[in-house]
Amino acid sequence: MRIATWNVNSVKQRLDHLLSWLQERQPDIVCLQETKCVDEAFPREPIEAAGYNVAVHGQKTFNGVALLSRRPFDEVTPGLPGEPEDDHARFLEGVVSTEGGGAVRIACLYLPNGNPVGTEKYPYKLRWMDRLAAYAADRLALEEPFVMAGDYNVLPAARDVPNPDAWSSDALFLPQTRDKFAGLTALGFTDAIRAGSDAAGLYTFWDYQAGCWQKNMGLRIDHLLLSPQAADRLAAAGIDKHVRGWDKPSDHVPVWCDLALEAA
DNA sequence: ATGCCCCCGGTTCGGGGA
């Protein structure tokens, strides 16, 4: 089973890229972030025609997440628990049955950026990370294949950014941000990309500005975190960097992993 | 130190992203 995550930066602007990439990569489950449209405006039909069930949790203008799955969803639940007044569409959980009679649980997430530090945006990010850790601990107790995938807006380590000193006071790289991410993974998750390589330069995002793509000044901020029951079945993982070179691209590229769930 | 570029809503500019 191939599971992917991609911040598309507007699903309507990126529909042709999405359909091309689905055809090329053939994922079974996809987590989308920054869909930037209300549920009624989500381009369901062309995605369903490509063979996917669609679950959406959107809002006007900003944020918005969606799950695509070749197999039907057993459950879909929008929203991260813990702060009822939080109205950002940043989280969507789904459960999909596998061929072997088991199931995989997927959380699609768009973690707050947190900049500029010094405003309410950064404590909101930190609270969101605390809420995510509480949710994750609850789900890990189920001891099932479980994947939390999305745009974490976190640089886990210095090797995930070309110039870490320049990012030392940024919300994506502050020690408190990294500590919370480390605490989350320490609950028992495996970073799918890091399971296969500790290399620097495995970026998933390149800013539109300042020629970042041309200079390969990227960031690794999109992650797939695997529960032990998922990590035991990890067969491959990758970053579809070439998608950033397409015409009018998202600033993020797809990240994916293969889990041998059918064999379980 | 700030903006570069891109997207949205809604109109020709401001908010947001990272």
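Excluded from the calculations below are hydrogen atoms, water molecules and symmetry mates; all remaining heavy atoms, backbone and side chain alike, are included. In what follows, every chain begins at residue 1, and chains take the letters A, B, ... in the order their sequences are listed.
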A:W167 vs A:K60, nearer the 5' end of DNA chain B by closest nucleotide = A:K60

Between A:F205 and A:C37, which is nearer to the 5' end of DNA chain B once each is assigned its nearest nucleotide?
-> A:C37

Mind calculating the distance between [atom1] ([X]) and [atom2] ([N]) to the nearest angstrom?
{"X": "A:Y203", "N": "B:dA18", "atom1": "OH", "atom2": "C1'", "value": "15 Å"}
{"X": "A:R244", "N": "B:dA18", "atom1": "CZ", "atom2": "P", "value": "13 Å"}
{"X": "A:D151", "N": "B:dG16", "atom1": "CG", "atom2": "C1'", "value": "14 Å"}
{"X": "A:W213", "N": "B:dC6", "atom1": "CH2", "atom2": "P", "value": "14 Å"}
{"X": "A:F62", "N": "B:dA18", "atom1": "CZ", "atom2": "P", "value": "12 Å"}
{"X": "A:D251", "N": "B:dC5", "atom1": "CG", "atom2": "P", "value": "14 Å"}

Once the angle between the rings of A:Y152 and A:H223 is folded into 0 to 90°, is it parallel (under 30°), tilted (30 to 60°) or perpendicular (over 60°)?
-> tilted

Check this one for me: any side-chain N or O of [X] less than 4.0 Å away from OP1 or OP2 of [N]?
{"X": "A:N9", "N": "B:dC7", "answer": "no"}
{"X": "A:N7", "N": "B:dG17", "answer": "no"}
{"X": "A:Q13", "N": "B:dC8", "answer": "yes"}
{"X": "A:T61", "N": "B:dC7", "answer": "no"}
{"X": "A:K12", "N": "B:dC7", "answer": "no"}
{"X": "A:R14", "N": "B:dC6", "answer": "no"}
{"X": "A:H252", "N": "B:dG17", "answer": "no"}
{"X": "A:Y110", "N": "B:dA18", "answer": "yes"}

Salt-bridge criterion met for A:D16 and A:K248 (N-O under 4.0 Å) = no

By the 4.0 Å heavy-atom rule, please label [X] as base, sugar-phosphate, or nothing.
{"X": "A:N63", "result": "nothing"}
{"X": "A:D170", "result": "nothing"}
{"X": "A:K248", "result": "nothing"}
{"X": "A:K121", "result": "sugar-phosphate"}

Between [N] and [M], how many Å separate the two [atom1] atoms, rounded to a whole number?
{"N": "B:dG14", "M": "B:dC4", "atom1": "P", "value": "12 Å"}
{"N": "B:dT11", "M": "B:dC6", "atom1": "P", "value": "24 Å"}
{"N": "B:dC13", "M": "B:dA1", "atom1": "C1'", "value": "23 Å"}

Looking only at atom types and distance, does a side-chain atom of A:T177 sit under 3.5 Å from a main-chain N or O of A:F173, one as donor and one as acceptor?
-> no

Are the side chain of A:D240 and the backbone of A:V253 linked by a donor-acceptor contact shorter than 3.5 Å?
-> no

